[in-house]
Amino acid sequence: MASRSADLQVEGLVKRFGEVMALDGVSLEIASGELLTILGPSGSGKTTLLKVVAGFETPDAGTVRVDGRDITALPPARRDIGMVFQNYALFPHLTVERNVAFPLEMRNVARPEIERRVAEALGLVELGSYGKRLPRQLSGGQQQRVALARAIVFNPRLLLLDEPFGALDRKLRETMQLEVRRLQRRLGLTTIFITHDQEEALVLSDRIAVMNKGAIQQVASTTEIYERPANDFVADFVGESNIFHGTVTEVGSVTLESGRRLLIAHSAPVGTRVGVLMRPERFGQGVNSFNGEVKEAVYLGSSLKLRVACDDGLELIVRQPVRGPLPATGSRVSIAIERESIHVF
Ligand code: ATP
């Protein structure tokens, strides 16, 4: 299948529903062949953004461009966009083949070409021998693969996926994530994937756009989002975090609101108000040390998670490799962190 993947630019999108500002000035660019995940909590505007891109909602302001062409006013059927939603929405009375053929029939593609492309699309999602079945004769994961085949069979310019694996169990969801990634790379499909699951976003994405309250908080690569979040919201939403606020009192040193000083590898000038982020798994050796009492200890199989009340008033979540028995609640511990492991924002 030759790729016709386009790049996409949305600019200044605004969409209000009565009092609710579903999109509050959203701008994004996605390169041809890229997979961008929109990650955000429920109600943050993810689906509304996708609907505006697909043409099911008209924005109050802003533009949608595909390969530089303004399509903001174009009806959905003329946008050449493939879509998969959480509730697969296959036609229940049509066989798998007929479901996948549907977008080609709508486009008046010739019968032999339809047959060839349906077979190819079903092959790509590894359902080559399931063509004659009805949707109800398939598992949830298989139905979602049919929906995926139907979304890519007409060689769309963009692929939009709205929480497509939300209804699947964890194991199947992980398999499907890898499958979508493989397919998306192989076909070079420009793809927007919506999820509220941060792990899913980290597994799948080239870049992640974190959304909250109708606004994009940060758009960056997966490592950048995790290691160098732009603000409290992103730091807190993606991964576990210990976040504090303070003021730079000397270059290379922050005094937190609790009075505790931390040495940092950041040269913000004296007087700057900053946030600091310490990821739980980053504790180990280091110049910043803490003594405290274990308030809670949880065994997670591959690691231990401790909640430690430090003598200087901070409460820290710490992850440690499992070496020996679980520390007892109330026991004393010492932990430390390097300055390089503290992210300052
Ligand atoms: P979820 O993860 O729960 O699907 P979301 O991030 O996709 O959430 P949206 O569905 O885009 O969020 O909704 C954003 C806001 O706009 C919400 O407050 C929602 O209630 C509101 N909203 C969305 N569609 C409509 C509509 N047709 N009429 C009124 N309000 C709407």
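What you see is a predicted model, and the numbers here were worked out from it, not measured in a lab. Sequence positions, counted from 1, serve as the residue numbers for this chain. Ligands are counted one by one from 1 in listed order, and the atoms in each one are counted from 1 as well.
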Could you check [atom] against the protein and tell me its nearest heavy-atom contact, residue, atom and distance included?
atom: atom 9 (P) of ligand 1; value: T48 OG1, 3.6 Å
atom: atom 12 (O) of ligand 1; value: G45 N, 3.2 Å
atom: atom 3 (O) of ligand 1; value: S42 OG, 2.6 Å

Exercise. More than 12 foreign heavy atoms under 6.0 Å from CD of E113: is that the case here?
Worked result: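 Yes, the 6.0 Å shell around CD holds more than 12 heavy atoms from other groups.
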For this session: Give a yes/no verdict on a cation-pi contact between R150 and F91, requiring under 6.0 Å between NZ or CZ and the six-membered ring centre and an angle within 45° of the axis.
Result: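 Because its charged atom sits under 6.0 Å from the ring centre and within 45° of the axis, R150 does stack over F91.
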For this session: Using the six-membered ring of F102, assess whether NZ or CZ of R107 lies under 6.0 Å from its centre and within 45 degrees of the ring axis.
Result: no
Problem set entry | atom 19 (C) of ligand 1 protein-contacted (non-hydrogen atom, under 4.0 angstrom) | no
For this session: Output yes when a protein non-hydrogen atom is found under 4.0 Å of atom 24 (N) of ligand 1, and no otherwise.
Result: yes
Can you tell me how far the [atom1] atom of [X] sits from the [atom2] atom of [Y], to the nearest 0.5 Å?
X: R136; Y: L134; atom1: CZ; atom2: CG; value: 5.0 Å
X: L178; Y: R173; atom1: CG; atom2: CZ; value: 12.5 Å
X: L49; Y: K15; atom1: CG; atom2: NZ; value: 12.5 Å

Under 4.0 Å from a heavy atom of [X]: which atoms of ligand 1 are those, numbered in the order shown and with their elements?
X: P41; value: 6 (O)
X: S44; value: 5 (P), 6 (O), 12 (O)
X: T47; value: 4 (O), 5 (P), 7 (O), 10 (O), 11 (O)

Exercise. Which residue from G43, A22, G214 reaches closest to atom 17 (C) of ligand 1 through any of its heavy atoms?
Worked result: G43
Exercise. Do you know which of R279, R282, R319 makes salt bridge (charged side-chain N to carboxylate O under 4.0 Å, His left out) with E240?
Worked result: R319
For this session: Please confirm whether F17 comes within less than 3.5 Å of ligand 1 when only nitrogen or oxygen atoms on both sides are compared.
Result: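 It does not: no N or O of F17 is found under 3.5 Å from an N or O of ligand 1.
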Problem set entry | Min N/O separation K46 to ligand 1 under 3.5 Å |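 It does: an N or O of K46 is found under 3.5 Å from an N or O of ligand 1.
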Exercise. What part of V20, side chain, backbone, both or neither, has a heavy atom within less than 4.0 angstrom of ligand 1?
Worked result: side chain
Exercise. Aromatic rings F165 and F193: how do their planes relate, parallel, tilted or perpendicular, breaks at 30° and 60°?
Worked result: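 It falls in the tilted class, 30° to 60°.
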